[in-house]
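Only this structure's heavy atoms are used, side chains among them; waters, hydrogens and symmetry mates stay out.
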Amino acid sequence: MGRIMPTQVFLQLDKDLDLANWPDVLSWTAKASAAGASQQEIANAFFSDGSALGNIRAFTHLMRTPGFTKEIGLACLRPAYRATSDELLKIIIATSVHHLGIQRSLLEGEKNSKTSPGGMELLAEYLNDLRSLHRIGILPLEAEYRIYHAMAVTALTLNDAKELERLINRLLVLAEIIGHEELSDRTTNFCITALTNVDSYSRIISLGYPQLQRTPPPSMEDSYESVIANMAHAYLHMGAYRKCKSLFEEGLKKSPDSVQLKNYFLWNQVQAGQLDLSTELPMEWDRIKRYRWQIESFQELGRAMAEGPHRVQRQRQHFLRMVEITNEGIDTRLTRDSTIERWLRARARLGLQEYALALDELRMIQSPNPDDFLYRAWINAIHLELGMTTLPQLIKPMHELEEEARQLYRDVHKVNNADAEGLAYLTARWMPGATAYLGRIPDGIAECRVALEDVFRITSRSRWRMTVLPPPLALSLTLGALGKEHRPSLNANTNFQLRPLREKIGEADVWGPVVAPVSLALGLLRAGHLETAREWLSVTLVAPQVKGEGAELTEQINTLFKQAAEGERSFAALLQALDLLKV
């Protein structure tokens, strides 16, 4: 039969074990795991049966072994299919072969031949074939369960949230009918993972919380670690980073050597901007191909934001590296991964002041699930930040973006476990200007007002919080916000004075963040908030008062903004005049 056989079998199958009775098989494997048998040893025991069904049972446990590959799975399933004439077993094997392809797609985050509507149609054919057999008993029930399981994985690779919800409900019912506690647990845990991939975060919390109250058997420790990781990720995307971090820390206390928990924690930390920028990227992880590029991109974004404006060339290199990293899979990612890839590219283009290219990315980005507050906030914030530049045209008008943000925070307040303050904090980490803007607009968002501390004020002197900014630096920040390059000349003493601008967020180094007041003025004027713009200009100038070289330039900028705020100059005329400024 061409079985994969061990040289020696240490674990023996019970002679009375009926391999066609799935609950009995599950009970036997649970006892073997509790006695210390590895997944490979359990697989070897099933191989020793020398039957097609033995290979099917072995396949389930091979999939849980380290280093499992599609080729190993096929080497197990091919001879089983060839050796049986039982149509029911053939359906189970064919479903398992299909599952191999979509499982690979899910692990790598990329589409393949199995992740298509045609794949779902094929599984529907298997289901019809099964029903036409008119078989009764546990094995046909198992076949139905496996088909629905493969359908659910296919649905999540297709980002079909509605179909996934339907299939998940069917799976949970089938697991209950089959009637085995471990199967019900595994099914619930799988459903939690599946929901993570379509961003149904509220449902993840409701399904996951009861699971964490249970003590998992040894055979299911990995599955429970997945529940912890998925719940923590759900908290992050609901704005509740503190809960996310706490859940990972509690999980790592119980399982300090868990590679899975450590790496998922690292992935969530880097998205939140809390990770030490010198942290080495994970090497041994089944999700390394799917998430390594995300971790690396966020690290580069963090490094870019740890550079001051006097290191603009180094900052550009980090943004360019982000573009390079995210160039590789832009057209092949699964939807959820493609969303963050487009966002990262847009954020890099924003940092490079390539505003038109940033807009191109945003035009192609897919709208996140309504439950995904984090990505909704981040996408909205990039649109807003582009509105706070000299870019002539936007995809959406500012008033629409403002209302979109207000609705988002209203939605957050309606959901248990979501954290509006945390969401504003996570958004300000990567887009402090947009967050401050949302705190300053008429009927502003209360949770965003704290980000106004990131805006430096210009009166007789320029100050960021309690730190006095040297005029050349303040001018450089102002001109940078207007899309004009100006490198400040800073001496060693000035660099020493600027040390208070360096801080840590979590374990990450940050420069500031320092937002130029001219950015808020641009946004307010573009949105037509003339009264609010006048109020803003009453508490700060938009260009610093400098002496000698640059004095005339700064006076021109302040005059132009005052005229625009008073309604004497249209926004389009303001942009035109700013474009003609000589730096």
Original post:
Would you say the side chains of Gln366 and Thr339 form a donor-acceptor pair under 3.5 Å?
Top reply: no
Determine all donor-acceptor pairs shorter than 3.5 Å in which one atom belongs to a side chain in residues 142-152; sequence neighbours excluded.
residue: Glu142; atom: OE1; partner: Arg57; partner atom: NH1; Å: 3.3
residue: Glu142; atom: OE1; partner: Arg57; partner atom: NH2; Å: 2.8
residue: Glu142; atom: OE2; partner: Arg57; partner atom: NH1; Å: 2.5
residue: Glu142; atom: OE2; partner: Arg146; partner atom: NE; Å: 2.9
residue: Glu142; atom: OE2; partner: Arg146; partner atom: NH2; Å: 3.0
residue: Glu144; atom: OE2; partner: Arg170; partner atom: NH2; Å: 3.1
residue: Tyr145; atom: OH; partner: Thr187; partner atom: OG1; Å: 2.6
residue: Tyr148; atom: OH; partner: Arg131; partner atom: NH2; Å: 3.3
residue: Tyr148; atom: OH; partner: Arg170; partner atom: NH1; Å: 3.3

Backbone N or O of Ser255 within a donor-acceptor pair of the Ser258 side chain at under 3.5 Å? no
Between the CG atom in Leu344 and the CH2 atom in Trp430, the distance rounded to the nearest 0.5 Å is 9.0 Å
Here the gap from Leu408 atom CG to Asp372 atom CG, rounded to the nearest 0.5 Å, amounts to 10.0 Å
- prompt: Judged by modelled atom types alone, do Asn169 and Glu165 share a side-chain donor-acceptor pair under 3.5 Å?
  reply: no
Tell me whether the count of non-hydrogen atoms from other residues, nucleotides or ligands lying under 6.0 Å of CG in Asn128 goes above 12.
yes
Between Ile72 and Gly67, the two heavy atoms sitting closest are CD1-O, 3.8 Å
Under a 3.5 Å distance rule, please check whether Glu385 uses its side chain to pair with a backbone N or O of Ala434 as donor and acceptor.
yes
Q. Going through the distances and angles, do Phe46 and His61 end up as a ring-ring contact (aromatic ring centres under 6.0 Å, His included)?
A. CA-CA 9 Å; Phe46 284 122; His61 296 276; 5.8 Å; yes
### Query
Which is it for Glu182 and Arg186 under the salt bridge (charged side-chain N to carboxylate O under 4.0 Å, His left out) test, yes or no, and what are the steps along the way?
CA-CA 6 Å; Glu182 181 176 327; Arg186 285 195 180 278; 3.0 Å; yes
Before giving the answer on side-chain contact (heavy atoms from CB on, under 4.5 Å), spell out for Ile205 and Tyr235 the whole-Å C-alpha distance, their side-chain angles and the decisive distance to 0.1 Å.
CA-CA 8 Å; Ile205 301 297; Tyr235 280 129; 3.7 Å; yes
Which pairs of donor and acceptor atoms, one on a side chain in residues 239-247, lie under 3.5 Å apart (sequence neighbours left out)?
residue: Lys243; atom: NZ; partner: Asn417; partner atom: OD1; Å: 3.4
residue: Ser246; atom: OG; partner: Glu250; partner atom: OE2; Å: 3.2

Decide yes or no for Ile295 and Pro282: does some side-chain heavy atom of the first lie under 4.5 Å from some side-chain heavy atom of the second?
-> yes
Scanning both residues in full, the closest heavy-atom pair of Met322 with Ala348 reads CB-CB, 3.9 Å
Flag side-chain contact, heavy atom, 4.5 Å: His233 against Tyr201: yes
| query | Would you say Val227 and Leu207 make side-chain contact, with heavy atoms under 4.5 Å? | reply | no
Keeping Asn55 on the side-chain end and Cys76 on the backbone end, is there a donor-acceptor pair under 3.5 Å?
yes
Determine, step by step, whether His383 and Leu394 satisfy the side-chain contact (heavy atoms from CB on, under 4.5 Å) criterion, reporting the C-alpha distance in whole Å, the side-chain angles of both residues, the deciding distance to 0.1 Å, and the verdict.
CA-CA 8 Å; His383 279 284; Leu394 304 179; over 6 Å; no
Taken to the nearest 0.5 Å, the spacing of Leu183 CG from Leu26 CG works out to 6.0 Å
* Checking Arg376 side chain against Pro368 main chain: does a donor-acceptor pair fall under 3.5 Å? -> no
- So, Arg410 and Glu403, do they make that salt bridge, N to O below 4.0 Å? yes
TODO: Could you tell me whether the side chain of Asp371 and the main chain of Ser202 form a donor-acceptor pair under 3.5 Å?
DONE: yes
request  = Answer yes or no: does atom CD of Glu421 have more than 12 heavy-atom neighbours from other residues, nucleotides or ligands under 6.0 Å?
outcome  = no
**Message:** Quick one, Met283 with Arg292, criterion side-chain contact (heavy atoms from CB on, under 4.5 Å). Give me CA distance, side-chain angles, the key distance, then yes/no.
**Reply:** CA-CA 9 Å; Met283 300 299 292; Arg292 182 186 171 100; 3.5 Å; yes
I'd like to know if Arg135 and Asp86 make a salt bridge, using a cut-off of under 4.0 Å between side-chain N and carboxylate O.
yes
Closest heavy-atom pair, Ala45 versus Trp28, reported as atoms and distance to 0.1 Å, is CB-CH2, 4.0 Å
* To do: Might you work through the side-chain contact (heavy atoms from CB on, under 4.5 Å) test for Leu359 and Ile395, ending with a clear yes or no?
  => CA-CA 7 Å; Leu359 279 185; Ile395 296 173; 3.7 Å; yes
Any ion pair linking Arg214 and Asp185 (charged N to carboxylate O, less than 4.0 Å)? yes
Using a 3.5 Å distance criterion without hydrogens, assess whether the side chain of Lys253 forms a donor-acceptor pair with backbone atoms of Phe248. no
| task | Would you check if the distance from the ring center of Tyr264 to the ring center of Trp285 is below 6.0 Å? | result | yes
message: Determine whether a donor-acceptor pair (N or O, by modelled atom type, separation under 3.5 Å) exists between the side chain of Trp22 and the backbone of Leu139.
response: no
Do Asp18 side-chain atoms and Ala20 backbone N/O form a donor-acceptor pair below 3.5 Å?
-> yes
In this structure, are over 12 heavy atoms from other groups packed under 6.0 Å from Glu284 atom CD? no
d(Ile340 CD1, Ser297 OG) to nearest 0.5 Å is 9.0 Å
Separation between CG (Leu384) and CG (Asn380), nearest 0.5 Å, reads 4.5 Å
For the backbone of Leu17 and the side chain of Asp24, can you confirm whether one donor and one acceptor N or O come within less than 3.5 Å of each other? no
Q.
Any carboxylate oxygen within less than 4.0 angstrom of a Lys/Arg side-chain nitrogen, looking at Arg347 and Glu361?
A. no
Taken to the nearest 0.5 Å, the spacing of Ser85 OG from Lys90 NZ works out to 7.5 Å
**Report entry** Ala30 backbone acceptor or donor facing Ser33 side chain under 3.5 Å
**Finding:** no
| said: Could you walk me through whether Ser184 and Glu176 satisfy the side-chain hydrogen bond (donor to acceptor under 3.5 Å, both in side chains) test, starting with their C-alpha distance in whole Å, then the side-chain angles of each, then the deciding distance to 0.1 Å, before giving a yes or no? | reply: CA-CA 6 Å; Ser184 293; Glu176 195 171 350; over 6 Å; no
Scanning both residues in full, the closest heavy-atom pair of Gln271 with Trp378 reads O-CH2, 3.3 Å
Steps toward ring-ring contact (aromatic ring centres under 6.0 Å, His included) verdict (Phe373, His237)
CA-CA 6 Å; Phe373 299 137; His237 281 254; over 10 Å; no
